[in-house]
Amino acid sequence: MKGILLFAGLLLAICATSLGINAALPSPDGALFAIAILLSAAFTAVILCIELSDGRINDMGDVIRMIETGQSLRLTLAAYGLGCALAAAITVLVYRELLGG
């Protein structure tokens, strides 16, 4: 159960990161990336709660195993969506830094 609490803390850290991205990027870009990250994190948390209530997840290893093997398509898609949104936002931040703007 400690692993699940750690995962929940990680999702909260991701939400804080999205707020930082919103502040770092100009208005339309920052808001869009923040919304994409927050929605993906919310979907991941909701699906994680559903999987917990169904009894399919007991530990953090079960979450990772379900994502890697694709046992839960909903959880897999939500996790990949979250990763893609974070990767896109970081790529834009790095690109803007390299261009000096």
Side-chain angles (χ1 to χ4, degrees):
M1 194 61 176
K2 288 181 183 179
I4 299 299
L5 292 176
L6 179 67
F7 195 76
L10 181 63
L11 283 175
L12 288 175
I14 288 172
C15 291
T17 302
S18 74
L19 294 175
I21 289 171
N22 187 17
L25 289 174
S27 180
D29 293 339
L32 289 175
F33 280 118
I35 289 169
I37 292 168
L38 288 174
L39 283 176
S40 299
F43 285 141
T44 304
V46 167
I47 293 168
L48 184 64
C49 290
I50 291 170
E51 299 292 336
L52 275 169
S53 68
D54 289 344
R56 288 180 255 180
I57 295 175
N58 295 319
D59 194 10
M60 185 66 170
D62 295 338
V63 174
I64 301 301
R65 208 172 4 267
M66 287 182 85
I67 292 171
E68 285 178 347
T69 60
Q71 290 175 346
S72 172
L73 185 62
R74 295 179 298 190
L75 185 60
T76 302
L77 291 176
Y80 281 130
L82 180 59
C84 289
L86 282 169
I90 298 301
T91 302
V92 170
L93 282 172
V94 169
Y95 182 74
R96 289 185 64 83
E97 279 298 315
L98 289 177
L99 288 180

Using side-chain heavy atoms (C-beta onward) and a distance below 4.5 Å, is [X] in contact with [Y]?
X	Y	answer
Arg74	Ile50	yes
Leu82	Ile14	yes
Ile35	Leu39	yes

For [X] and [Y], which heavy atoms make the closest approach, and how far apart are they?
X	Y	value
Ala31	Asn22	N-OD1, 3.3 Å
Leu93	Ala24	CD2-CB, 3.8 Å
Tyr80	Ile67	OH-O, 4.4 Å
Ser18	Ile37	CB-CG2, 3.6 Å
Ala85	Phe33	O-CD2, 4.4 Å

What's the separation between atom OG1 in Thr17 and atom CD1 in Ile90, rounded to the nearest 0.5 Å?
7.5 Å
Once you round to the nearest 0.5 Å, how far does CZ of Arg56 lie from CD of Glu51?
4.0 Å
[X]-[Y] co-clustered via ILVMFWY side chain contacts under 4.5 Å:
X	Y	value
Leu86	Leu25	yes
Val63	Ile47	yes
Leu38	Leu48	no
Leu52	Leu75	yes
Met66	Leu73	no

